[in-house]
Every structure is written in structure tokens, then in C-alpha cells.
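So the structure is just underneath, and the comments pick up after that.
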Amino acid sequence: FKMIEIEDALQNGVPNVTFKNVSFSWPGTNEHVINNCNFSINKTGLWMIVGKNGSGKSTLLKLINGLLKPSNGVINKLANIGMVFQNPDHQILMPNCRSELLLNINQNLSRKDISNKIDIALNKVGLAGFDKRSIHTLSGGQKQRLTIASSLISDKNFILMDEPTALLDSSSQLAVLEIIKGLTKNKRNPFTALWITHRLEELSYADAVAEMKNGNLSDWQKPFNFQYN
């Protein structure tokens, strides 16, 4: 049954991540940062995780992204995974928007197709006409939207977001939230975001919420049912 579900998800282009009895501890220690964790994300949407500092949230993202390997258990990934960090300055490498997006195009395309792809990616994140803009002229919110465009242009369909609004003002927070929410609603291009947050007011945007606690993830719940302990 599970395999049929996964095959269906793959055929429909729906990104899919599953943890089966996954644990992680740093080499030389017996203490599990992630402890026998089981969960599945097999539908598009905006999935949010909350949890106290040290509960294992960032470690969980690194396991999904393949930056860390589990000590035990199995991680199944049928997704093209990207990452958006808390601070976009740690992620942006090039001097202007166009060159940053060019860096992330992983196909051999004609000049015209490249320009079209850049215009489409910028348009999707509300930065239409920004292709020649210097990075140093962008606000924090605009930089964060550019990092999302970089994921889109490299055809990522499952984006890990580690407190992406923590350094932004309230209007920029809202803009980033609404852009991601809109992307997850696009039926033609299946797209999933897994978003870590400390801001409980952001949970109302989520399709599902879970709490990370003592290295384990609670069951997914609807935001209006969720109670943070």
C-alpha cells in the first residue's frame, strides 16, 4: 500500500519525503538529536514545524537535505530539494539578480530561453523587472524572494525554509509567506515548502503544523487544531 502511494506521488509529480525510524546523534555521543522519528510529507502545500531551540528542527532539515546522514533508519526522498536560509546574505553569491539566477540554471538553454526563464522566476516572486538590479540595493525581503526565485529556476519542487522571515520586517514577512503559499497552490507545478518558524502567527498560513520536541515530530495537524505546548 505504501509503495503504491509513493509510486502514485511520483507519477503525479508530487514531491514526497518520508522518515522511517530515523535517529541521529553526533559522532562520539550517545545522545540522539533526532530520536526514532517517523513522518511523511506526501502532498503539496505549506507544512510548518515549531519547536524550542535545541529540539532538533535544523538537524531535521539537514537530514532531509542530505547534509547529514541518519545514524539509524531510512529517509525516502522523491523530490528535488532546495533550501532557503534565515539570512539571504549567506546564500546570495553574485552582484546582481540576473547573474544570481544564471548561477542556478542547470540546463543548457538558448539565450532567449534563459531570459524567459529568468523573467518568469522573478515574476513568480514579485520581482518583475529586477533582473539588472544590484544585490546591494535590495531590501532583506527582496533578497529573500530572490533566494526563492533561485530555487524555482533550478526546478526545485520541495523547499526547506529555516526561519526565512526571522530577519524581516512585518510587511516583508507577509510578502514571503504569501508568495510561498501561492506557489504551493499552483496545481500545474506541484510544489511543497517545509517551513520552520518561531512565529506562531505564521501558522495560520500552513496546510499542516507539527511540533518538534525532544528530537521527535508530533502528528501533523490543521493550524486551527494545533496547540503548542
Side-chain angles (χ1 to χ4, degrees), residues 2 5-6 9 14-79 81-87 90-91 144 151 156 158-168 170 173-174 176-177 180-181 184 191-229:
K2 284 259 172 74
E5 261 186 7
I6 289 172
V14 176
N16 182 300
V17 170
T18 303
F19 272 42
K20 293 178 182 174
N21 304 321
V22 171
S23 296
F24 175 81
S25 51
W26 294 106
T29 69
N30 293 324
E31 189 183 343
H32 287 311
V33 184
I34 303 292
N35 189 18
N36 201 36
C37 188
N38 290 278
F39 71 89
S40 186
I41 297 175
N42 52 18
K43 292 177 183 167
T44 58
L46 176 50
W47 303 65
M48 286 193 181
I49 295 175
V50 292
K52 294 182 172 60
N53 286 337
S55 61
K57 303 184 304 298
S58 292
T59 304
L60 188 81
L61 292 196
K62 286 173 182 166
L63 285 164
I64 295 171
N65 208 13
L67 295 173
L68 297 174
K69 301 292 180 205
S71 311
N72 295 297
V74 177
I75 301 171
N76 288 324
K77 294 182 283 189
L78 297 170
I81 292 169
M83 184 94 186
V84 171
F85 295 100
Q86 187 179 108
N87 188 344
H90 294 165
Q91 198 159 359
Q144 200 61 295
S151 282
K156 302 290 191 270
F158 192 111
I159 298 192
L160 307 171
M161 311 191 79
D162 195 355
E163 296 191 55
T165 58
L167 304 178
L168 305 182
S170 55
Q173 288 166 28
L174 194 59
V176 170
L177 262 170
I180 291 295
K181 187 71 177 174
T184 64
F191 181 88
T192 298
L194 179 59
W195 177 303
I196 284 176
T197 185
H198 274 122
R199 300 180 191 275
L200 298 185
E201 66 272 18
E202 291 182 345
L203 299 184
S204 62
Y205 282 80
D207 295 297
V209 182
E211 181 184 356
M212 197 83 196
K213 199 172 184 180
N214 303 323
N216 221 312
L217 198 65
S218 72
D219 290 338
W220 295 105
Q221 299 169 58
K222 291 292 180 189
F224 49 81
N225 291 334
F226 179 76
Q227 290 185 318
Y228 184 40
N229 300 317

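A donor-acceptor contact closer than 3.5 angstrom links the side chains of E202 and W195. Judged by distance alone, the side chains of N214 and N35 never bring a donor and an acceptor atom under 3.5 Å apart. Under the 3.5 Å distance criterion, with hydrogens and angles disregarded, no donor-acceptor pair is assigned to the side chains of N53 and S55. Side-chain atoms of D162 and S58 form a donor-acceptor pair, as typed in the model, at a separation below 3.5 Å.
Contact record, G51 with H198: O-NE2, 3.4 Å, taken as the closest heavy-atom pair. In this structure, N38 and N21 approach most closely via the heavy-atom pair OD1-N, 2.7 Å. For the pair N36 and N216, the tightest heavy-atom approach, listed with the atom from each and the gap, is O-ND2, 3.5 Å. Scanning all heavy atoms of the two residues, the minimum distance from F19 to C37 falls at CB-O, 3.6 Å. Of all the heavy atoms in A210 and D219, the pair that sits closest is CB-O, 4.0 Å. Between V14 and N42, the closest heavy-atom pair is CG1-O, 3.6 Å.
When side chains are defined from C-beta on, M161 does not count as touching F85, because their heavy atoms never get closer than 4.5 Å. L68 is listed as a side-chain neighbour of T59, based on a closest heavy-atom distance under 4.5 Å. At a threshold of 4.5 Å between non-hydrogen side-chain atoms, the residues V33 and S25 do not count as touching. You'll find the side chain of V50 reaches within 4.5 Å of the side chain of L203, heavy atoms only.
Checking side-chain atoms of K57 against main-chain N and O of I49 turns up no donor-acceptor pair under 3.5 Å. Looking at Q144, its side chain does come within 3.5 Å of a backbone N or O of P164 through a donor-acceptor pair. S23 contributes no side-chain N or O that, together with a main-chain N or O of N72, makes up a donor-acceptor pair within less than 3.5 Å. Looking at K181, its side chain does come within 3.5 Å of a backbone N or O of Y205 through a donor-acceptor pair. R199 contributes a side-chain N or O that, together with a main-chain N or O of T165, makes up a donor-acceptor pair within less than 3.5 Å. The main-chain N or O of M212 is never found under 3.5 Å from a side-chain atom of K52 such that the two would form a donor-acceptor pair. In terms of modelled atom types and a separation under 3.5 Å, the side chain of T44 and the main chain of T192 share no donor-acceptor contact.
Paired with M48 under the rule side-chain contact (heavy atoms from CB on, under 4.5 Å), one option of D207, L194, T197 passes, and it is T197.
Between W220 and W47, the ring center distance clears the sub-6.0 Å criterion.
Residue L67 holds its CG atom at 8.5 Å from NZ of K69, rounded to the nearest 0.5 Å. Once rounded to the nearest 0.5 Å, the distance linking CD of E211 with CZ of F226 reads 5.0 Å. Between the OG atom of S71 and the CD1 atom of I34 there is a distance of 10.0 Å, given to the nearest 0.5 Å. Residue N65 holds its CG atom at 11.0 Å from CD1 of I159, rounded to the nearest 0.5 Å.
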L160/I64 under side chain to side chain contact (heavy atoms under 4.5 Å, CB included): CA gap, chis, key distance, verdict: CA-CA 8 Å; L160 307 171; I64 295 171; 3.9 Å; yes
Verdict with supporting geometry, F39 and T18, side chain to side chain contact (heavy atoms under 4.5 Å, CB included): CA-CA 6 Å; F39 71 89; T18 303; over 6 Å; no
Verdict with reasoning, I75 to V22, per side chain to side chain contact (heavy atoms under 4.5 Å, CB included): CA-CA 7 Å; I75 301 171; V22 171; 3.7 Å; yes
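Summarising the local packing, NZ of K43 is surrounded by 12 or fewer heavy atoms from other residues, nucleotides or ligands at distances under 6.0 Å. Crowding of E201 atom CD: a count of heavy atoms from other residues, nucleotides or ligands under 6.0 Å exceeding 12.
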